[in-house]
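Below is one structure; the comments refer to it alone.
We name chains A, B, ... by the order of the sequence lines, and we start the count at 1 in each one.
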There are 2 protein chains.
Amino acid sequence: MAERGRPRAFDREKALKAALRLFWEHGYEGTSIAELKAAMGINGPSLYAAFGSKEELCRGSSALYEREYGAALLAILNDTTDARAAVETLLAAIADMRCEDGPRGCLVSTGETACGPANSAVARHVADRRGVLRNALTDRLTRAAAEGDIPAGIDIPALAAFYTAMIQGLSIQARDGADAALLAAIIKRAMEAWPGD
Amino acid sequence: MAERGRPRAFDREKALKAALRLFWEHGYEGTSIAELKAAMGINGPSLYAAFGSKEELCRGSSALYEREYGAALLAILNDTTDARAAVETLLAAIADMRCEDGPRGCLVSTGETACGPANSAVARHVADRRGVLRNALTDRLTRAAAEGDIPAGIDIPALAAFYTAMIQGLSIQARDGADAALLAAIIKRAMEAWPGD
DNA sequence: TCTATTGTGTACCGATTGATACATAAATGG
DNA sequence: CCATTTATGTATCAATCGGTACACAATAGA
């Protein structure tokens with residue numbers, strides 16, 4: 001059974017991608033519906049019919065971001081055999097993140113750290129995603145400790161928070177335009193803090 | 001010769017402080033003139049007569065921030081004899097930053113990383129301030145290398161960028177509500193990356 | 001007191017914000 | 001064909017945005 005009614009004239013995924021790009025570059029409050037409509041190539045009613053509201057559109061973009069960018073980060077973290085290499089490769093991937101030819105750095109790590117009272121729900125959502133990334137790091141490092149990749153007696157949550165902070169700092173500096181060599185040097189230095197080296 | 005005309009009925013510095021608090025907590029785009037007027041306890045014409053525009057008010061708040069908060073950070077950095085202690089104390093001060101009972105973390109380090117096209121000048125201004133902090137770190141570490149506090153052959157700009165990234169990560173996590181003990185543990189870990197340890 | 005100067009309070013400006021009403025177009029199922 | 005369902009395009013909504021016109025109040029110098 002196919003879909004009833006007039007078919008949608010635009011590609012939902014492509015439109016979502018255009019929205020993601022705008023939110024990534026300008027933030028939630030810095031992106032207007034007018035700009036979204038233009039970039040997505042659709043008009044108001046189509047946007048609201050397909051996505052509900054600006055906030056729901058943002059959550060949809062966030063979900064797309066997780067699929068298209070976040071998942072790869074978690075895969076690096078979890079699938080790299082050596083824990084140290086996993087973290088180092090993760091940091092390198094963060095430094096290399098970019099939305100097409102647009103904004104650099106991790107959207108979640110720097111996103112909506114401050115916003116107006118009316119949009120606090122969006123800020124909380126992004127902050128929660130930062131928590132997810134930190135939890136993933138914590139889990140991976142806990143596993144590393146169990147596997148002997150990290151010496152006993154190391155404060156794992158603190159170590160995870162440290163590398164989370166690195167991700168956030170790298171993302172800000174990437175967004176500010178730091179060149180790849182500098183980011184690589186930062187990562188090299190960050191790995192000097194790896195326990196037991 | 002005293003001032004002519006009707007005297008101002010509000011304390012300019014106090015009003016600026018109230019504005020700073022709002023910008024710190026909600027960011028430039030997340031703060032409306034209506035909220036500023038309410039918090040500053042003045043009406044539109046008084047605000048515009050005294051401060052010019054929202055953007056100029058923000059720059060004024062930024063200048064106040066530098067005097068009230070930034071200067072102390074630079075003092076720690078430059079006046080602490082031992083370079084390692086200077087950096088460690090600086091990081092601790094960042095972790096401890098707070099606007100009264102309001103937002104935590106360094107305003108500049110996390111501020112306006114994304115904003116709408118209309119406000120890009122403000123974003124550039126804040127990004128420039130991040131550059132100032134990084135330059136101050138670079139200068140201090142260059143001095144440390146010259147004084148022998150840091151071994152020869154260390155990439156000083158990279159080391160400065162690393163600790164700048166730490167400041168940014170600490171600021172984000174402080175803003176997100178991380179407790180002081182965790183931030184202290186992050187700093188302890190960050191100092192493990194100090195060259196030559 | 002008179003004039004000049006500056007700040008305050010009200011009331012309002014055009015523009016933009018996020019979001020819709022309504023008529024019409026395009027598809028499916030019968 | 002018709003009825004139903006869904007999408008599009010135009011035109012617009014009330015609310016809020018940053019910013020001001022204007023009348024009046026309060027000071028200083030003459």
Practice prompt. Name the nucleic acid region contacted by B/Ala9, choosing base, sugar-phosphate or nothing; use a 4.0 angstrom heavy-atom cut-off, strictly under.
Written response: sugar-phosphate
Worksheet item: Who are the side chain to side chain contact (heavy atoms under 4.5 Å, CB included) partners of A/Thr89, not counting sequence neighbours?
Response: A/Ile76
Worksheet, complete the sentence: Taken in chain and number order and not counting sequence neighbours, the residues that satisfy side chain to side chain contact (heavy atoms under 4.5 Å, CB included) with B/Pro7 are none
Worksheet item: Do the side-chain N or O atoms of A/Ser46 get closer than 4.0 angstrom to the phosphate oxygens (OP1, OP2) of D/dA7?
Response: no
Worksheet entry | Output field: ring centroids A/Trp194/A/Phe162 closer than 6.0 Å | no
Worksheet item: What string of B, S and - do you get for nucleotides 18-27 of chain D 5' to 3' if you count protein non-hydrogen atoms under 4.0 Å?
Response: SBBB---BBB
Practice prompt. Round to a whole Å and report the spacing from CD of B/Glu35 to C1' of D/dA15.
Written response: 14 Å
Discussion item. Counting the atoms with a prime plus P, OP1 and OP2 as sugar-phosphate, which does B/Phe51 contact under 4.0 Å by heavy atoms, base, sugar-phosphate, or nothing?
Written reply: nothing
Item to complete: May I have the distance from A/Arg8 (atom CZ) to D/dG9 (atom C1'), rounded to whole angstrom?
Response: 16 Å
Item to complete: List for me each residue that meets side chain to side chain donor-acceptor pair (under 3.5 Å) alongside B/Ser32, sequence neighbours excluded, and say none if there are none.
Response: B/Glu35
Item to complete: Send over the distance from A/Arg12 CZ to D/dT6 P, rounded to a whole Å.
Response: 15 Å
Worksheet, complete the sentence: For residues 111-133 of chain B, the salt bridge (Lys or Arg N to Asp or Glu O under 4.0 Å) pairs (sequence neighbours left out) are A/Asp176-B/Arg130, B/Glu66-B/Arg129
Worksheet item: Between B/Asn43 and C/dT8, does any side-chain N or O lie under 4.0 Å from OP1 or OP2?
Response: no
Worksheet item: CE of A/Met40 versus P of D/dG9: gap in Å, rounded?
Response: 14 Å
Worksheet item: Roughly how many Å is it from CD1 in A/Ile42 to P in D/dT6, rounded to a whole number?
Response: 18 Å
Discussion item. Restricting to side chain to side chain donor-acceptor pair (under 3.5 Å), what partner residues turn up for B/Glu13, sequence neighbours left out?
Written reply: B/Arg67
